[in-house]
Amino acid sequence: MRIGVLGGTFDPIHHGHLAAASEVCAVLGLDQILITPASHQPFKEPHDAASAEDRVAMCRLAVADDPRMEVSTVDVDRGGVTYTVDTLRDLAAAMPTAQLHFIAGADALARLHEWKDAEALPGLARFVGVTRAGHSLPPETGLHALVEVPALAVSSTDVRRRVRLGAPVRYLIPTAVADYISMHDLYLGGTDD
């Protein structure tokens, strides 16, 4: 099995995340994409965050109608700060015959050498950078593939801000996720500053 792993905070998951996962799955001919919400990311500043349980629920709603995608709770179940090396080790142990393809923004992967236990990462997965048209990286980044994805100007930070302001978020996030946010009164307080 060729498995894509798309990790992130997903606070909330949006169409940009889903478009990137779908494009990588198609371009690389992957069998499945695991959407893997982080427990706590080391580089994220605190904000009016949804709980891990809410983020997992929103991810499940977002991928419910796509048989290629599944939500993995490996990082949430482990708890603590989420590091890619731990995610990949846990997934490799659970799926020893799978070929893992870790998917992240090309800009983030350009700094792969700075990640925790960076020297162990190439032995755990193939690294796939996603980018907008026209972006390129130097060859020494260690990427196995660079996949252009449709440009979607949406971010989780903007979605949270729009919810707080009462601005529309439909068409930025799946309808089921928008309904979940509304039903559970997520992102109504605090700021992302």
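Between the Arg162 side chain and the Pro168 main chain, a donor and an acceptor come within less than 3.5 Å of each other. In this structure, the side chain of Asp11 engages the main chain of Ala50 through a donor-acceptor pair within 3.5 Å. Side-chain atoms of Arg160 never come within 3.5 Å of backbone atoms of Ser155 as a donor-acceptor pair (strictly under, hydrogens ignored). His14 places a side-chain N or O within 3.5 Å of a backbone atom of Gly16 that can act as its donor or acceptor partner. Panel note: side chain Asp31, backbone Arg2; a donor-acceptor pair is recorded below 3.5 Å.
Looking at heavy atoms from C-beta onward, Asp86 lies in side-chain contact with Arg78 at the 4.5 angstrom threshold. Side-chain atoms of Pro174 and Leu18, non-hydrogen and from C-beta on, do get closer than 4.5 Å to each other. Between Pro12 and Tyr180, every side-chain heavy-atom pair lies at or beyond the 4.5 Å cut-off. In this structure the side chain of Arg60 never reaches within 4.5 angstrom of the side chain of Ile35, judged on heavy atoms. Between Glu23 and Val130 the shortest side-chain heavy-atom distance does not fall below 4.5 Å. The shortest distance between side-chain heavy atoms of Leu6 and Thr36 does not fall below 4.5 Å. Between Val56 and Glu53 the shortest side-chain heavy-atom distance does not fall below 4.5 Å. Side-chain contact between Glu70 and Val63: absent, with no pair of heavy atoms (C-beta onward) separated by less than 4.5 Å.
Shown here for Ala120 and Arg89, the closest heavy-atom pair between the two residues is CB-NH2, 3.6 Å. Across all non-hydrogen atoms, the minimal contact from Val76 to Pro37 is CG2-O, 3.6 Å. A pairwise comparison of heavy atoms in Ala93 and Pro96 identifies O-CD, 3.7 Å as the closest pair. When every heavy atom of Phe10 is checked against every heavy atom of Arg55, the shortest pair comes out as O-CG, 3.6 Å.
Here the straight-line distance linking atom NE2 of His15 with atom CD1 of Ile173 works out to 7.5 Å at 0.5 Å rounding. How far SG of Cys59 is from CE of Met69: 11.0 Å, rounded to the nearest 0.5 Å. Note that CG of Leu188 is 10.5 Å distant from CG of Leu165, once rounded to the nearest 0.5 Å. One distance of note links CD1 of Ile103 with SG of Cys25; it measures 8.0 Å at 0.5 Å rounding. Note that the CE atom of Met58 and the NE2 atom of His184 stand 9.0 Å from one another [nearest 0.5 Å]. To the nearest 0.5 Å, atom CG of residue Leu28 and atom CD of residue Gln99 are 9.5 Å apart.
In terms of hydrophobic clustering, with Ile, Leu, Val, Met, Phe, Trp and Tyr side chains grouped at heavy-atom distances under 4.5 Å, Met183 and Leu172 are assigned to different clusters. Cluster annotation: Tyr171 is not connected to Ile181 through the hydrophobic network of ILVMFWY side chains, with a link wherever side-chain heavy atoms come within less than 4.5 Å. Following chains of ILVMFWY side-chain contacts shorter than 4.5 Å, one can reach Met1 starting from Leu34, so the two form part of one hydrophobic cluster.
A side chain to side chain contact (heavy atoms under 4.5 Å, CB included) with Phe102 is found for exactly one of Thr84, Leu112, Leu91, Val128, namely Thr84.
Atom CZ of Arg170 has more than 12 neighbouring heavy atoms from other residues, nucleotides or ligands inside a 6.0 Å radius.
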Side chain to side chain donor-acceptor pair (under 3.5 Å) assessment of Asp54 paired with Ser51:
CA-CA 5 Å; Asp54 284 329; Ser51 69; 3.3 Å; yes
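Between the side chains of Arg68 and Ser22, a donor-acceptor pair is found at a separation under 3.5 Å. Remark: the Ser39 side chain and the Asp75 side chain contain no N/O donor-acceptor pair separated by less than 3.5 Å.
Classified by interplanar angle (parallel below 30°, tilted 30° to 60°, perpendicular above 60°), the ring pair Phe127/Trp115 is perpendicular.
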